[in-house]
2 protein chains.
Amino acid sequence: MAPSSSTFLNGVPELLVLRLLRDREMYGYELVQAIREASGDQLTFAEGVIYPLLHQLERDGALATRRQTINGRSRVYYSVTPAGNQRFDGLSAHWRSLTATIATVLEAPRHA
Amino acid sequence: MAPSSSTFLNGVPELLVLRLLRDREMYGYELVQAIREASGDQLTFAEGVIYPLLHQLERDGALATRRQTINGRSRVYYSVTPAGNQRFDGLSAHWRSLTATIATVLEAPRHA
DNA sequence: TGACATACCTATCGTCGCAAGGCATAGGCC
DNA sequence: GGCCTATGCCTTGCGACGATAGGTATGTCA
């Protein structure tokens with residue numbers, strides 16, 4: 001059983017979405033590519049991951065939406081609410097703490 | 001919806017189990033506590049996580065087992081096979097790569 | 001016309017950590 | 001003896017979530 005492509009990615013889409021939307025509002029389709037580009041093509045989360053996540057975060061009050069039609073195509077822009085900012089702060093603190101702890105274990109000398 | 005306690009932990013039990021067993025063979029019950037101690041009580045994976053994982057890794061040929069009875073209690077000691085070492089190398093490289101990428105995105109300046 | 005990018009959405013599946021149990025022996029305490 | 005805790009193994013069922021694979025519609029360009 002080879003490790004799946006999603007190993008270690010639990011929670012990462014939400015972390016990145018909140019991080020990127022904190023800089024500027026974006027719409028879903030744009031976010032999918034923004035994540036890919038921001039990660040140097042190392043991370044790709046398809047629309048089937050991003051759209052449900054956006055809906056969920058909106059329901060939770062972490063994101064606010066604004067609808068706009070451009071060139072005959074309708075876009076849904078998402079921006080981070082104060083609650084969303086708090087959520088991101090908590091998530092990123094958690095992420096930093098965990099990765100630091102794991103790094104310590106990985107690098108620990110024998111019998112530590 | 002508050003983030004669950006398992007956020008960011010996908011694949012981590014396997015990574016840590018292989019890392020700790022690389023130092024010395026251990027049995028399941030011992031591993032559960034070793035992970036907790038090695039992480040300074042920051043990470044706890046209960047037996048319901050560790051035992052199935054050990055069985056899986058053994059089936060995959062990543063771990064070898066040795067049975068021993070001590071003080072009337074039977075223990076199953078696990079050690080890492082060459083295939084398990086390879087697997088760990090791949091996993092930890094993947095982990096380092098991903099965390100580095102994510103850290104970059106998190107710390108990126110606006111409009112990066 | 002046909003192909004492709006844009007832009008939204010959903011349903012279903014598989015994996016995996018988690019909670020909650022069960023079973024058995026050893027040892028300490030009252 | 002009766003009871004609780006620690007030790008040591010195990011399994012079942014649930015829920016969350018990333019992955020896959022679709023579906024719909026408009027604009028652009030060859």
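This is a predicted model, so every value here is computed, not measured. In what follows, chains are A, B, ... by sequence order, proteins preceding strands, each numbered from 1.
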For the side chain of Phe45(A), starting at C-beta, report the closest nucleotide among dC10(D), dA19(D), dA6(D).
dA19(D)

Please report, rounded to the nearest Å, how far the C1' atom of dG17(C) is from the CG atom of Leu43(B).
13 Å

Round to a whole Å and report the spacing from OH of Tyr29(B) to P of dT5(D).
13 Å

Within a 6.0 Å radius of atom CD on Gln56(A), are there more than 12 heavy atoms belonging to other residues, nucleotides or ligands?
yes

Between Ser74(A) and Ile70(A) (side chain of the first, backbone of the second, donor and acceptor by atom type, cut-off under 3.5 Å), is there such a pair?
no

Report which part of the nucleic acid Gly48(A) touches: base, sugar-phosphate, or nothing (heavy-atom distance under 4.0 Å, all strands).
base

Whole angstrom is fine here: how far is it from CD1 in Ile35(B) over to C1' in dG17(C)?
12 Å

What I'd like to find out is whether the side chain of Leu91(A) reaches to under 4.5 Å of the side chain of Pro3(B), using heavy atoms alone.
yes

Between residues 50-79 of chain B and DNA chain C, which residues have a heavy-atom gap below 4.0 Å?
Asn71(B), Gly72(B), Arg73(B)

Mind checking Glu30(B) for me? I need base, sugar-phosphate or nothing, with any heavy atom below 4.0 Å counting as a touch.
nothing

Tell me which pairs pass side-chain hydrogen bond (donor to acceptor under 3.5 Å, both in side chains) where either residue lies in residues 25-34 of chain A, with sequence neighbours left out.
Arg24(A)-Glu30(A), Glu25(A)-Arg66(A), Tyr27(A)-Arg75(A)

How long is the line joining CG of Leu31(A) and P of dA7(C), in whole Å?
12 Å

CD of Glu47(B) versus P of dC10(D): gap in Å, rounded?
10 Å

Would the distance check show the side chain of Arg36(A) and the main-chain N or O of Thr44(A) forming a donor-acceptor pair, the cut-off being under 3.5 Å?
no

Measure CG/Leu9(A) against P/dC16(C) and give the value in whole Å, please.
12 Å

Could you pull out all residues at least two apart from Arg67(A) that satisfy side chain to side chain donor-acceptor pair (under 3.5 Å)?
none

Rounded to whole angstroms, how far apart are CD on Gln33(A) and C1' on dA7(C)?
10 Å

Taking any heavy-atom pair under 4.0 Å as a contact, classify Ser6(B): base, sugar-phosphate, or nothing.
sugar-phosphate

Distance from Trp95(A) atom CH2 to Leu15(A) atom CG, nearest 0.5 Å?
7.5 Å

Whole-Å gap separating C1' (dA24(C)) and OH (Tyr27(B))
16 Å

Measure from the side-chain heavy atoms of Val49(A) and tell me the nearest of dC18(C), dC8(C), dA19(D).
dA19(D)

